[in-house]
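Everything on this sheet refers to the single structure shown next.
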Amino acid sequence: MQQKGAIRIIEWEDLDKRKFYSLGVFMTLTTRATVYPASLIRTRLQVQKGKSLYTGTFDAFCKILRAEGVRGLYRGFMVNTFTLVSGQAYITTYELVRKYVSQYSPSNTVKSVVAGGAASLVAQTITVPIDVVSQHLMMQGQGEHLTRFKTKPKMMLAASKRMLTFGQTRDITVQIFAADGFRGFYRGYIASLLTYIPNSALWWPFYHFYAEQLSLLAPSECPHLILQALAGPMAAATASTITNPMDVVRARVQVEGRSSVIETFKQLLAEEGVWVMTKGLSARIISSTPTSVLIVVGYETLKRLSLRADLVDSRRW
């Protein structure tokens, strides 16, 4: 019988790396496809002035679906799939930094905070240019008046939806470069770091903390994977609530072309009051909840499936 509260963590040295990476790409793509509509809705809610377009998450979902169809909920998704690279960079950095920090501290909290923050720094450096283009594509349709860049109207249907998608991507990419140069693809980079590094650094320790607390409350025979699946969204809701103000600022900086994080923060408070900092929070939590469940179940299952052959029979989960 395993000790209550002692959830075994599979570390980097326990993994078969070939299995880990090949299965990891599929897991990441599935997760992103599932939660992308909520990310799109969150971006539109955060960028709109007050409640000029949507009154809330459900209202935005209904209006987008009615006016733009299912495709409207996946604007920019093809571009966003390139973040698969950053996803692999994230988990690699997290595991390697965690292993490195373990040489200096046995504390799981310390390892989680440092590794989570470092992983986010690496991932955001890769992700921000993709996010900038993707977010402008998200704002096309009902939200196009809220962004500086617009796709060119198509006089004729493209030969395929794929060509249409990449034609729009090219339009946006060319306009960003023409207006702001290469720096335009890193607009909001600092705001992204200020949002996602704390979010990642908070998510991992909260995740392990909630999992351990749930293990203390649950029957000894309860599978750890179930407890971890519950701990994931609890950690996500906690981290999202704490970091949402910077996420609002990040979205405004990237979509509206602002240059100063501090000035954007002050202007938002002056124009819409303190409650502006909660904009998109419900959509963010809604998107982060299934994301966290999928990430946790997928990631922990991925690590179980990727265990080195000599360890499979020696572990209980």
Side-chain angles (χ1 to χ4, degrees), residues 28 30-48 50-51 53-65 73-74 76-77 80 83 87 90 112 116-117 120 123-124 127 131 134-135 138-139 143 188 191-211 213-214 226-252 254-255 265 268 272-300:
T28 303
T30 302
T31 301
R32 292 189 185 281
T34 303
V35 303
Y36 190 81
S39 298
L40 181 143
I41 290 170
R42 182 192 75 203
T43 298
R44 290 197 182 183
L45 286 172
Q46 290 177 337
V47 172
Q48 71 173 353
K51 295 184 177 180
L53 192 55
Y54 311 114
T55 59
T57 302
F58 184 71
D59 179 62
F61 175 80
C62 292
K63 286 182 177 176
I64 294 170
L65 196 61
L73 294 170
Y74 280 90
F77 178 70
N80 193 260
T83 56
Y90 180 93
S112 298
S120 186
Q124 285 305 305
T127 299
D131 271 349
S134 178
Q135 286 181 335
M138 285 179 179
M139 299 308 296
S192 291
L193 295 184
L194 292 175
T195 301
Y196 291 116
I197 288 180
N199 190 79
S200 181
L202 288 170
W203 189 91
W204 286 101
F206 272 120
Y207 163 61
H208 291 302
F209 170 76
Y210 287 136
Q213 296 305 307
L214 288 170
I226 293 178
L227 303 179
Q228 291 167 322
L230 293 173
M234 292 171 66
T238 304
S240 294
T241 301
I242 294 172
T243 61
N244 196 69
M246 275 310 306
D247 196 38
V248 175
V249 173
R250 175 196 60 81
R252 288 293 181 93
Q254 290 181 334
V255 175
F265 184 80
L268 288 174
E272 302 184 50
V274 70
W275 290 106
V276 71
M277 295 297 111
T278 66
K279 294 185 76 169
L281 178 59
S282 61
R284 193 176 180 203
I285 291 176
I286 288 170
S287 67
S288 67
T289 296
T291 301
S292 297
V293 172
L294 288 170
I295 286 175
V296 168
V297 173
Y299 192 59
E300 297 295 347

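- Smallest separation of non-hydrogen atoms from Leu230 and Leu214: CB-CD1, 3.8 Å.
- Between His208 and Ser112, the closest heavy-atom pair is CD2-OG, 3.2 Å.
- A distance-only check finds no donor-acceptor pair linking the side chain of Asp247 to the backbone of Thr195 [under 3.5 Å].
- Across every non-hydrogen atom of Gly117 and Ser200, the tightest pair is N-OG, 4.3 Å.
- In this structure, Arg42 and Lys279 have side chains that are not in contact, with every pair of non-hydrogen atoms separated by 4.5 Å or more.
- Atom OH in Tyr207 sits 10.5 Å away from atom CD1 in Ile295 (nearest 0.5 Å).
- Classification of Asp59 and Lys51 as a salt-bridged pair fails, no side-chain N sitting under 4.0 Å from a carboxylate O.
- The two residues Gly232 and Val296 have their closest heavy-atom pair at CA-CG2, 3.7 Å.
- Leu45 and Gln48 get closest at one heavy-atom pair: O-CG, 3.3 Å.
- Looking at heavy atoms from C-beta onward, Gln124 lies out of side-chain contact with Ile197 at the 4.5 angstrom threshold.
- Between Ser240 and Asn199, the closest heavy-atom pair is N-OD1, 3.7 Å.
- Applying the side-chain contact (heavy atoms from CB on, under 4.5 Å) test to Tyr210 and every residue at least two apart in sequence or in another chain returns Phe206, Ala231, Met234, Ala235, Thr238.
- Applying the 6.0 Å contact sphere to OH of Tyr74 captures more than 12 heavy atoms from other residues, nucleotides or ligands.
- Side-chain contact between Leu40 and Ile64 is present, with at least one heavy-atom pair separated by less than 4.5 Å.
- In this structure, OH in Tyr36 is found 3.5 Å from OG in Ser134, a value given to the nearest 0.5 Å.
- None of Thr289, Thr243, Thr278, Thr241 except one satisfies the side chain to side chain donor-acceptor pair (under 3.5 Å) rule with Arg284; the exception is Thr243.
- Asp131 is linked by a salt bridge (Lys or Arg N to Asp or Glu O under 4.0 Å) to nothing, counting only residues two or more places apart in sequence or in another chain.
- Two residues are said to be in side-chain contact when any heavy atoms from C-beta on lie closer than 4.5 Å; Leu294 and Tyr299 fail this criterion.
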(message) Quick one, Arg250 with Tyr196, criterion side-chain contact (heavy atoms from CB on, under 4.5 Å). Give me CA distance, side-chain angles, the key distance, then yes/no.
(response) CA-CA 10 Å; Arg250 175 196 60 81; Tyr196 291 116; 3.4 Å; yes

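- The distance from the CG atom of Leu202 to the OG atom of Ser120 is 11.0 Å, given to the nearest 0.5 Å.
- Rounding to the nearest 0.5 Å gives a distance of 5.0 Å between CZ of Arg252 and CG of Leu268.
- In this structure, the separation between CD1 on Ile41 and OG1 on Thr57 is 7.0 Å, given to the nearest 0.5 Å.
- Screening residues 201-210 for salt bridge (Lys or Arg N to Asp or Glu O under 4.0 Å) gives no qualifying pairs among residues at least two apart or on separate chains.
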